Amino acid sequence: MQSLVDGYFRHIMDECSADRSGVVADYIPQLAAVDPDGYGLSVCVHDGHTYSQGDSTATFTIQSVSKPLTYAMAIKRHGVVAVDEKIGVEPSGEAFNEISVDDRRRPKNPMINAGAIFAASMLLPPSRAFGPAAVEDAFDELLDFYSGCAGRRLAMDEDVYASEASTGSRNRAIAYMLDSFGALETSPDAALDLYYRQCSIRVTTDDLAGIGATIANGGMNPRTGRSVFSGETAQRVLSVMTTCGMYDGAGDWVTSVGLPAKSGVGGGILAVLPGQLGIGVYSPRLDEHGNSVRGVETCRHLSKDLGLHMFNVTRESRVTIRSVYDLADTPVSGEWSEQERSYLQTCRDRLRVYELQGDLTFAGAESVHRRLEADLDRYTVVIVEISRIGLIDAVARTMVLSIKRLLDESGRRATLVDPDGVVRASVARHREDTAVPDLDAPQDLQGFDPALPHVHATMDDAIIDAEMFLLKHYYDQ
Ligand code: GLU
């Protein structure tokens with residue numbers, strides 16, 4: 001049975017499939033021979049679940065959608081500083097195969113052919129004296145990396161590779177221009193060979209969605225759990241996809257779709273909503289920029305209809321606080337003496353619950369923080385209920401912990417109801433990630449150590465903890 005979400009995707013495809021404009025790439029016979037009406041859509045969400053529609057299992061060559069991956073590999077191997085020395089990050093405003101460089105004689109960015117061929121050259125041994133086996137080895141590594149991103153073993157189309165290699169005069173011109181500047185450490189022919197191979201890898205839209213979700217997920221494939229590259233690399237790749245990914249139509253793309261993306265002349269588009277999902281679309285008829293006509297339209301619909309524009313800034317902060325209430329109408333729950341119970345009953349309204357939902361990132365944490373601060377005079381104990389929180393990022397965690405400090409300082413108490421251990425996991429991750437702990441964090445983290453009583457698995461436990469705190473006040477008076 002189709003889910004509601006599948007229904008949305010199907011509907012979007014129905015809307016876009018009437019458009020038969022554009023032309024299939026024909027610079028090599030293999031591309032010209034594809035079914036022009038082929039159309040697939042896949043969306044891979046944060047936990048790896050993939051929605052697949054239409055021709056989602058049909059394979060096509062990845063072509064320029066390979067460029068962000070080879071760039072990620074070059075960064076993984078050499079570090080971002082070394083790569084920046086060689087390849088710029090400025091949108092070129094020119095066609096993808098323009099024979100041009102910036103004023104430092106670097107390719108303007110890694111999403112045009114000059115930058116992509118350069119990135120491929122950086123995966124080869126830094127020498128001119130190696131045989132074909134070295135290119136094979138480099139390609140094996142490249143294929144492993146791409147396969148890790150897709151979450152399944154990919155393969156190259158030998159015929160497309162042979163055709164690309166025999167017709168690629170323009171790419172040869174680019175590689176030889178770069179070589180004439182003395183920029184390449186390897187032979188231009190070896191760099192071209194690797195580049196033609198990477199362009200000839202066959203993928204499906206399911207693969208592109210998996211690759212997109214891996215980038216969205218900071219380099220870890222959500223289907224396999226395998227980490228392929230770092231979060232910093234993912235951030236860099238997303239940045240250049242945003243500014244340079246859609247050939248010379250990047251500005252229009254960012255404003256109307258707002259998803260970092262890369263398209264290829266094979267008809268594929270890979271789009272990413274950072275932190276959330278990856279999208280793969282395939283339809284081989286291309287517009288004047290070389291982007292899939294239906295692919296672009298499909299992404300436009302996805303962004304608009306499902307609110308996926310990356311600058312959809314208000315959404316998270318709007319939904320983060322699900323409800324707020326005090327416990328004036330709920331009876332005292334702990335097993336206390338008569339006298340204690342009646343005291344607790346008088347301060348029932350000093351106990352306030354904030355239920356949060358969604359993914360707690362900066363925007364959401366900031367609004368919660370501000371709300372708790374504004375309400376400070378209305379409670380002595382605040383119970384923050386986060387059973388509907390999916391994840392807490394580093395900034396949000398620090399902000400949540402600083403709420404505890406704020407309340408401690410004013411003689412109040414913050415308790416957390418965290419049945420799934422989201423905070424615990426986040427703190428543990430932080431400890432693993434922080435080789436050298438920052439000065440501020442350790443005391444915060446100790447403050448919310450899961451062994452301490454103010455992180456609770458249930459609301460009942462949190463209320464009893466709150467009652468104990470209030471009684472302590474009572475006896476201290
Ligand atoms: N193999 C193609 C080329 O380098 C890829 C072009 C593209 O997808 O933009 O010309």
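Remember, it's a predicted structure, so these values are computed and weren't measured experimentally. We count ligands from 1, going down the list as the structure has it; atoms in each ligand are counted the same way.
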| said: So, 4.0 Å and heavy atoms of Y196: is ligand 1 close enough to count as a contact? | reply: no

| request: Determine whether any heavy atom of N171 lies closer than 4.0 Å to an atom of ligand 1. | output: yes

Closest protein heavy atom to [atom], given as residue, atom name and distance to 0.1 Å:
atom                   : answer
atom 6 (C) of ligand 1 : S64 OG, 3.3 Å
atom 4 (O) of ligand 1 : Y195 OH, 2.6 Å
atom 5 (C) of ligand 1 : Q63 OE1, 3.1 Å

| query | Is V265 in polar range of ligand 1, meaning some N or O pair under 3.5 Å apart? | reply | yes

| request: Look only at interatomic distance and state if E164 has a nitrogen or oxygen under 3.5 Å from any nitrogen or oxygen of ligand 1. | output: yes

| Salt-bridge present (R223, D206; N to O < 4.0 Å) | no

| field | Residues R197 and D140 bridged, charged N to O under 4.0 Å | value | no

| query | Taking the six-membered ring for Trp, are Y51 and H49 parallel (under 30°), tilted (30 to 60°) or perpendicular (over 60°)? | reply | perpendicular

Judged by modelled atom types alone, do [X] and [Y] share a side-chain donor-acceptor pair under 3.5 Å?
X    : Y    : value
Y146 : T70  : yes
T204 : D207 : yes
D19  : S21  : yes

Which atoms from ligand 1 have a heavy atom of [X] less than 4.0 Å away?
X    : answer
C199 : 1 (N)
N113 : 3 (C), 4 (O), 10 (O)
G264 : 8 (O)

